Amino acid sequence: MKTLRMACMAGVLCMMTGAAMMAQKVNAQTTATVDVTLSITGVRANGGKLMASAGDPNDRAHMVYAMADPMADGSQSLVLRDVPVGTCDVYVFQDMNGNMTLDRNAEGVPSEPCFMKQKVKLAADGLTVKVKLVNPAEMMGK
């Protein structure tokens, strides 16, 4: 009798584990993603790489990143591929000194050309975001 109960419990546990694994597999397969095209102006050809990211800042595991060399002064496009559908934040900056970090002055103001847009809604058909890089420290004369 005790063996029968143990066998039943083991069977139930196996079924629950299998169901949980299938649910995770289905969720991973049905997560919709889209490409986000960034139409960037204010690019400096003599500067460093353009760095961009998009995603939920509270879920770093699903942030999407891209970088590109500037092609010329003015404007260019950059595509963030496979950004999860929903609401995301978009960050872009031009890394003028090549340290892969948005530099800030002593007051915490960004000292490299940058852009941020929060709570961008992404639908299944993708999106183009107009980005204008500005250097806040230069604008403030600091």
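This is a predicted model, so every value here is computed, not measured. Computation of the quantities below employed the complete heavy-atom set of this structure, encompassing side-chain atoms and omitting hydrogens, waters and symmetry-equivalent molecules.
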Query raised in the report: Should V120 and T87 count as side-chain neighbours, where that means a heavy-atom distance under 4.5 Å?
Result: no

**Report entry** Side chain proximity check, M116 to Q118, heavy atoms < 4.5 angstrom
**Finding:** yes

Query raised in the report: Linking I/L/V/M/F/W/Y whenever any side-chain heavy atoms sit under 4.5 Å apart, do M100 and L50 land together?
Result: no

Query raised in the report: Among the clusters formed by ILVMFWY side chains lying less than 4.5 Å apart, do M51 and M63 turn up in the same one?
Result: no

Query - Partner residues of P70 under the side-chain contact (heavy atoms from CB on, under 4.5 Å) criterion, sequence neighbours left out - result: V43, Q76, Q94

Query raised in the report: Could you give the distance from CZ (F93) to CG (L102), rounded to the nearest 0.5 Å?
Result: 5.5 Å

Query raised in the report: Can you find a pair of side-chain heavy atoms, one from L38 and one from V79, that are under 4.5 Å apart?
Result: no

Query raised in the report: Would you say the side chain of D95 lies within less than 4.5 Å of the side chain of T101, judging by non-hydrogen atoms?
Result: no

Query raised in the report: Side-chain heavy atoms under 4.5 angstrom apart, residues restricted to Ile, Leu, Val, Met, Phe, Trp, Tyr: same cluster for Y91 and V83?
Result: no

Requested in this report: Flag the pair C114 / P136 as yes when at least one side-chain heavy-atom distance between them is below 4.5 Å, and no otherwise.
Outcome: yes

Report task. In plain terms, say whether E112 and K49 are close enough for a salt bridge, that is, a side-chain N and a carboxylate O under 4.0 Å apart. Result -> no

**Report entry** Minimum side-chain heavy-atom gap M71-D69 below 4.5 Å
**Finding:** no

Query raised in the report: Is there a donor-acceptor contact under 3.5 Å from the side chain of T41 to the main chain of S75?
Result: no

Requested in this report: Please test V36 against V129 for side-chain contact (heavy atoms from CB on, under 4.5 Å), starting from the C-alpha separation and ending with a verdict.
Outcome: CA-CA 7 Å; V36 175; V129 177; 4.0 Å; yes

Query raised in the report: With sequence neighbours excluded, what pairs up with R81 under the side chain to side chain donor-acceptor pair (under 3.5 Å) test?
Result: D35

Requested in this report: Taking the side chain as every heavy atom from C-beta outward, state whether V34 and P84 have any atom pair closer than 4.5 Å.
Outcome: no

Requested in this report: Quick one: pull up CG in D103 and CG in N97 and give me the separation to the nearest 0.5 Å.
Outcome: 4.5 Å

Report task. Spell out, yes or no, whether L80 and L78 are grouped together once hydrophobic residues are joined by side-chain heavy atoms under 4.5 Å, including indirect joins. Result -> yes

**Report entry** Inter-residue atom distance D89.CG - K119.NZ, 0.5 Å rounding
**Finding:** 8.0 Å

Query - From CA spacing to verdict: side-chain contact (heavy atoms from CB on, under 4.5 Å), V85, T33 - result: CA-CA 5 Å; V85 170; T33 61; 5.8 Å; no

Query - CA sep, side-chain torsions, deciding dist, call: N135, R44, side-chain contact (heavy atoms from CB on, under 4.5 Å) - result: CA-CA 11 Å; N135 187 325; R44 299 178 186 186; 4.1 Å; yes

Query raised in the report: After noting the C-alpha distance and the side-chain angles of C88 and L122, does the key distance pass the side-chain contact (heavy atoms from CB on, under 4.5 Å) rule?
Result: CA-CA 7 Å; C88 73; L122 297 180; 3.7 Å; yes

**Report entry** Closest approach of A137 to N105 (non-hydrogen atoms, all atoms of both residues)
**Finding:** CB-ND2, 4.1 Å

